[in-house]
Every structure is written in structure tokens, then in C-alpha cells.
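Here is the structure we will look at, set down as C-alpha cells.
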Protein chains: 2
Amino acid sequence: MNEVSHMTTVAAATADIGSLFVTRQSVTLRQRVYEKLRQAIVERRLPPGTKLVERDLCEQLGVSRPSLREALRHLESEKLIEMVPHKGSVVAALKQRDVCEIYDIRAALEGPACERFAQLASEDDMASLMQAHAQLCKAASQSDSDGIFRAKTAFYQALFSGSDCAISQVLVSSLNTRAEVLRRMSIARKHRCLQILTEFEPIVEAAQKRDGAAMKASCIAHLEAAKAAALEQLSIVERENTAHDSKRPNKSG
Amino acid sequence: MNEVSHMTTVAAATADIGSLFVTRQSVTLRQRVYEKLRQAIVERRLPPGTKLVERDLCEQLGVSRPSLREALRHLESEKLIEMVPHKGSVVAALKQRDVCEIYDIRAALEGPACERFAQLASEDDMASLMQAHAQLCKAASQSDSDGIFRAKTAFYQALFSGSDCAISQVLVSSLNTRAEVLRRMSIARKHRCLQILTEFEPIVEAAQKRDGAAMKASCIAHLEAAKAAALEQLSIVERENTAHDSKRPNKSG
DNA sequence: ATGTCTAATATTGTCAGGCAATCTTTGCGG
DNA sequence: CCGCAAAGATTGCCTGACAATATTAGACAT
């Protein structure tokens with residue numbers, strides 16, 4: 001909690017230099033507060049079950065209460081925290097059933113997106129996917145888990161963009177945010193990095209052949225493996241928490 | 001806009017009288033503001049494209065700006081409105097592709113939920129589903145579109161509850177909210193009411209037989225019909241808007 | 001020692017007022 | 001008509017305050 005640092009005054013406006021069309025997208029303070037808290041949650045600096053006290057958060061983030069409350073609304077909408085009126089917020093915990101359901105839903109959404117991608121993707125879309133895959137290979141060969149994470153994000157963005165499934169993209173992104181703690185932890189294990197490489201190879205080959213059925217099947221196979229890895233991590237975390245709880249009798253009671 | 005009325009002072013706390021376990025669930029003002037605005041949007045009193053001005057809304061709703069802003073965050077998270085920093089909010093419009101995607105995603109989530117329901121549902125779950133279906137039949141025979149709407153909501157709640165698909169339920173509910181304008185409009189048409197009855201019959205029969213595959217197939221068939229009805233409504237709305245726009249040259253420009 | 005009740009404390013929900021930042025509109029001059 | 005500056009409108013954010021609600025601490029009885 002002490003590690004939630006004050007925010008830097010980064011320049012807010014960004015311009016789309018890649019085309020003649022200039023769009024300005026300023027970043028509000030509430031968005032930055034949201035991002036800071038989200039990061040603290042996925043990095044487990046605010047672990048599941050932590051009670052969030054507004055006044056304390058305001059002090060540590062250096063922002064006013066209304067701004068914080070709007071950011072908490074955003075976290076709540078993504079189910080990263082749970083709020084009960086008049087009682088406050090706690091960081092949400094994932095149950096086993098949640099993890100299973102998240103990965104099943106991802107399969108249900110990503111599978112059809114693969115089929116559409118194989119049909120609809122432009123050459124630019126295909127190039128974006130290949131670039132993301134190249135980044136993934138590079139990151140995996142270096143066991144750079146942050147790099148893997150970023151490359152996967154880029155990969156999925158290319159997939160959903162090239163298949164014109166914007167709503168699915170939002171939903172999958174939101175589900176990924178919920179499972180992000182476990183995803184980061186499993187990606188951080190060396191042998192999982194190598195597995196991911198193996199799992200993405202057939203996805204990409206099928207995409208290039210524009211074979212939607214094969215791409216879908218490979219994507220789903222990858223998700224099954226990712227689900228198993230996440231469930232394993234969840235077991236480990238739950239065992240840690242049980243050990244942790246027995247060392248401090250009834251303190252969290 | 002003038003029709004967004006001041007809120008009544010309904011008692012906030014409700015207790016679960018049905019069991020020995022008493023849970024108190026107070027309803028906050030921001031939740032009530034959210035609900036009021038959501039209702040105004042789905043009833044088209046705040047039509048797509050409407051600019052939402054905070055000060056005006058505060059005046060009409062009789063609430064303070066921070067409370068309104070928190071409610072707007074909720075509407076934003078459900079994509080009912082779109083906000084651009086420093087420019088404000090507009091009520092979101094649905095495009096054809098959105099409608100297609102929403103129904104495809106629903107099929108991808110409700111199909112597997114049907115399979116699980118057939119496997120997992122308790123006798124109580126099954127009874128809840130049958131009760132909802134009975135209400136649906138009653139409402140449809142009376143061409144009571146509000147009643148149909150409520151019965152369908154209860155039906156889906158029973159389905160997701162009995163299949164232990166809580167996350168899918170949240171996602172589907174959110175998608176339904178986005179499409180609610182079109183759904184209400186199509187349900188309001190008499191011949192669509194009768195079709196819905198016909199479409200739900202095989203779903204319910206399959207559920208009773210615990211035949212998951214048949215239930216899934218019937219559910220998906222219903223969704224295909226609902227999609228077609230919603231797309232037809234969208235065309236009608238868009239034609240109205242085009243006619244509307246040509247009667248007022250460049251006023252909304 | 002345990003249980004119950006009341007008062008004190010902490011926290012959330014909401015309001016009011018203010019000002020800075022940003023965007024949009026209006027008016028004037030070339 | 002176009003460009004620019006000023007005025008006006010609106011959003012973003014802060015501060016301070018108070019009501020409502022939940023939790024905790026302390027006192028008292030058993």
C-alpha cells in the first residue's frame with residue numbers, strides 16, 4: 001500500500017501521427033488513478049480481500065475524494081473490486097469457477113473471431129498479427145515475461161481488429177484484466193514461456209493459410225493450456241493464503 | 001429531456017424475508033440516478049446522439065454533480081453513453097455490426113449455458129425456469145410487451161443461475177442493456193410476441209428432458225430470430241432518423 | 001470471563017461552492 | 001468569406017462540510 005506512489009505529471013495529449021487525421025485524446029486524472037490502482041491490484045500490491053479506504057487512498061495518491069471515487073467506479077465495473085453501499089470496497093478475489101468460466105468464455109469469443117479473421121483480414125491486419133507474433137517469439141526466447149505479456153496483448157488486438165469484433169475485444173480485455181494476476185504469474189514461469197511459443201505457432205500458420213477452422217482449434221488449444229496454468233497458479237496462491245492465515249490466527253476474521 | 005422527473009423518496013433498505021438470513025441492501029442515490037437515466041435512454045426519451053450536459057441533468061434530477069458523475073461512469077461502463085474528456089457525453093448509437101455482434105456473442109454464451117443447465121440444474125432451478133416460462137406465455141397471450149420483457153429476464157436469470165454461469169450472466173445482461181431499445185421495440189410488435197412463444201416452447205421442452213444439445217439449438221434458433229427482428233427495427237429507426245434529419249437541414253450538424 | 005448495550009469513532013454518501021482547463025461560439029477586422 | 005481573439009459554456013478537479021451508516025470501544029450486568 002505504501003508503494004502506491006504519487007503520480008508523475010506526464011504530458012496528457014497524444015496525437016495520431018500515423019495518418020493525416022489528428023485525434024487528440026487527453027488523459028484525465030481519474031483515468032490515471034484507475035490505472036495506478038489497477039496496476040497495484042494485478043501486481044498483488046493490493047492483494048485480494050484488501051479493504052480500500054478512500055481517505056487513505058486519497059492521501060497516498062495525492063488526489064481528491066471525488067476523483068478517486070470515479071476511478072473506483074471504473075474498477076468496480078470491471079469487477080476488480082467489490083463495493084457494498086456504506087461499507088466500502090474490497091479487492092476482489094477470483095474463485096476456481098471464475099477462472100474456468102473466464103477461459104471458457106474467451107474460447108467462445110476468440111474461436112469465432114479466428115474464423116472471421118481468416119476470412120476478413122486485410123494484408124495490413126495479417127502483417128500486424130505477424131509482427132506481434134515476432135515480438136512474442138523474441139520475448140519468449142529471452143524469458144522476458146513482460147515482453148510476452150505485451151506481445152500477446154498486441155496479438156489479440158490484431159486478431160479482434162482484423163475480424164471486426166470490437167465488442168468481443170472489449171469483453172475479452174475485461175476478462176483478461178480480471179485474470180491478469182494469474183496470467184502474469186503463469187507467464188513468469190520459464191517452462192510456460194516455451195509452451196506458449198509452441199501453442200502460438202499453429203495459430204499463426206493457420207492464419208497465414210487463412211484456414212479459419214484450424215486457427216480456431218489451435219487458439220482453443222492454447223486457451224485450454226492457459227486455463228490449466230492459471231488454475232494451477234490459483235491453487236498455489238490459495239495454499240499460500242491458507243498458510244498465511246494459519247500463521248496469524250483470526251486476524252483477518 | 002423534460003420528462004426526466006425528480007426522484008421519489010422510496011425507502012432504500014430491503015430485507016430478505018424469505019430466509020432466516022437477513023441481508024440489507026441499501027440503494028444509493030447514484031444507483032437511482034443511473035437507473036433513471038438508463039430508463040430514459042432505453043425508452044428513447046434520451047435518443048442516440050443526445051448531448052448530456054451535467055448541469056442540466058443535475059437540475060432536472062435534483063442531485064449534485066458528483067453523484068451524477070458517478071452514475072454517468074456506470075452508464076459509460078455499459079457503453080450506453082460515450083464520453084470524451086473535456087467534451088462531455090453523448091447517448092451511444094448502435095450500428096448494424098454492433099447488433100450482429102451482440103446476438104452472436106449471446107449465442108456463444110447462452111448455448112453452453114443451456115448445455116450446463118441441462119446437466120447441472122437442481123429441481124428448484126428447473127422450477128424457476130418453468131415459472132418464468134409460464135409468465136412468458138401469459139404475457140404473450142395478452143400481448144403485454146412489458147410482461148414479456150420481465151418474464152424473459154426472469155427466464156435468463158434462471159438459466160444462468162441453474163448453469164452456474166455468473167460471469168456469462170453479467171456479460172449477457174450488459175449486452176442486453178445495450179440492445180434494449182431495439183429489443184423493446186421488436187417485442188412490442190404483436191406478431192413478434194407470438195413468434196417468441198413458438199421459439200421458447202422447444203427450449204423449455206428440451207430443458208425438461210435435460211437434453212442439452214437440443215436446448216442449445218433451440219436457444220440459438222430463438223436468438224437468430226431475435227437478431228433479425230432487432231436488425232429490422234434498427235433499419236426502421238435509421239430510416240426515421242434520415243427522414244427526421246432531412247426535415248431539419250443542418251440543425252444537428 | 002462473557003454477553004449486552006450505549007456512546008464514540010470511522011467511513012461512506014452526498015451536497016455546495018469554487019476555480020482551472022478545455023472546448024465552442026460569437027463578434028470584429030481584414 | 002476567412003482568421004483571430006474574446007466571451008461564454010462545460011468539464012475536470014479540489015475543498016470543506018454534514019448526514020447516514022457501520023464498526024469499535026468501553027461500561028455494566030451476570
Side-chain angles (χ1 to χ4, degrees), chain A residues 1 6-15 22-37 49-76 81-91 250-253, chain B residues 1 6-15 22-37 49-76 81-91 250-253:
Chain A
M1 185 70 114
H6 287 273
M7 282 178 287
T8 56
T9 53
V10 182
T14 60
V22 177
T23 63
R24 305 193 69 87
Q25 188 77 19
S26 60
V27 179
T28 58
L29 186 61
R30 69 181 177 257
Q31 179 68 17
R32 289 170 26 212
V33 170
Y34 157 77
E35 193 55 47
K36 269 286 182 208
L37 291 175
T50 308
K51 173 112 170 62
L52 303 179
V53 180
E54 291 179 4
R55 191 189 49 206
D56 293 346
L57 291 178
C58 288
E59 208 175 290
Q60 296 180 31
L61 291 163
V63 299
S64 71
R65 221 164 43 105
S67 298
L68 174 77
R69 289 174 66 83
E70 289 190 38
L72 291 178
R73 294 271 85 76
H74 192 168
L75 291 167
E76 181 189 19
I81 63 176
E82 291 170 341
M83 305 187 76
V84 178
H86 292 291
K87 291 191 63 171
S89 327
V90 299
V91 178
N250 284 331
K251 180 150 187 186
S252 52
Chain B
M1 188 67 116
H6 286 276
M7 281 177 286
T8 56
T9 54
V10 183
T14 61
V22 178
T23 63
R24 304 194 69 90
Q25 188 76 20
S26 59
V27 180
T28 58
L29 187 61
R30 68 180 179 258
Q31 179 69 18
R32 291 173 22 216
V33 171
Y34 157 77
E35 193 56 47
K36 268 288 186 216
L37 292 175
T50 308
K51 174 115 169 61
L52 303 178
V53 180
E54 292 178 0
R55 191 188 50 206
D56 293 345
L57 291 176
C58 288
E59 207 173 290
Q60 296 180 32
L61 291 162
V63 300
S64 71
R65 215 156 56 98
S67 297
L68 174 76
R69 290 175 65 83
E70 291 191 35
L72 291 177
R73 293 270 86 76
H74 192 166
L75 291 167
E76 183 191 17
I81 63 174
E82 292 170 340
M83 305 188 76
V84 178
H86 292 288
K87 292 192 62 171
S89 327
V90 298
V91 178
N250 285 332
K251 180 151 189 186
S252 52

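Throughout, protein chains are lettered first and strands after them, A, B, ... in sequence-line order, and every chain is numbered starting at 1.
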Nearest-Å distance for atom pair [atom1]/[atom2], residues [X] and [N]:
{"X": "Arg30(A)", "N": "dC13(D)", "atom1": "CZ", "atom2": "C1'", "result": "10 Å"}
{"X": "Ile81(A)", "N": "dT12(C)", "atom1": "CD1", "atom2": "P", "result": "11 Å"}
{"X": "Leu29(B)", "N": "dG13(C)", "atom1": "CG", "atom2": "P", "result": "11 Å"}

Mind checking what makes side-chain hydrogen bond (donor to acceptor under 3.5 Å, both in side chains) contact with [X], not counting sequence neighbours?
{"X": "Glu76(B)", "value": "Arg73(B)"}
{"X": "Arg30(B)", "value": "none"}
{"X": "Arg55(B)", "value": "none"}

Measure the shortest side-chain to side-chain distance between Leu57(A) and Leu37(A) over non-hydrogen atoms and say whether it is less than 4.5 angstrom.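 Result yes, sub-4.5 Å side-chain heavy-atom pair found.
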For Glu35(B), side chain to side chain contact (heavy atoms under 4.5 Å, CB included) partners two or more places apart: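 Side chain to side chain contact (heavy atoms under 4.5 Å, CB included) list for Glu35(B), sorted by chain: Arg38(B), Gln39(B).
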For Gln31(B), which residues count as a side chain to side chain contact (heavy atoms under 4.5 Å, CB included) partner, sequence neighbours excluded?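 Only Val27(B), Thr28(B), Tyr34(B), His74(B) meet the side chain to side chain contact (heavy atoms under 4.5 Å, CB included) criterion with Gln31(B).
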Using a cutoff of under 3.5 Å, can you pull out all pairs of nitrogen or oxygen atoms linking the protein to nucleotides 6-10 of chain D, with atom names and distances?
unit_1  : atom_1 : unit_2   : atom_2 : d
dT10(D) : OP2    : Arg55(B) : NH1    : 3.1
dT10(D) : OP2    : Arg55(B) : NH2    : 2.0

Please report the closest heavy-atom contact between Leu72(B) and Glu54(B), naming both atoms and the distance.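 Scanning both residues completely, I find the closest heavy atoms to be CD1-CG, 4.2 Å.
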For residues 65-74 of chain A, which residues have at least one heavy atom under 4.0 Å from DNA chain C?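 Result for residues 65-74 of chain A: Arg65(A), Arg69(A), sorted by number.
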Using the salt bridge (Lys or Arg N to Asp or Glu O under 4.0 Å) criterion, which residues pair with Glu82(A)? Sequence neighbours excluded.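 Salt bridge (Lys or Arg N to Asp or Glu O under 4.0 Å) list for Glu82(A), sorted by chain: empty.
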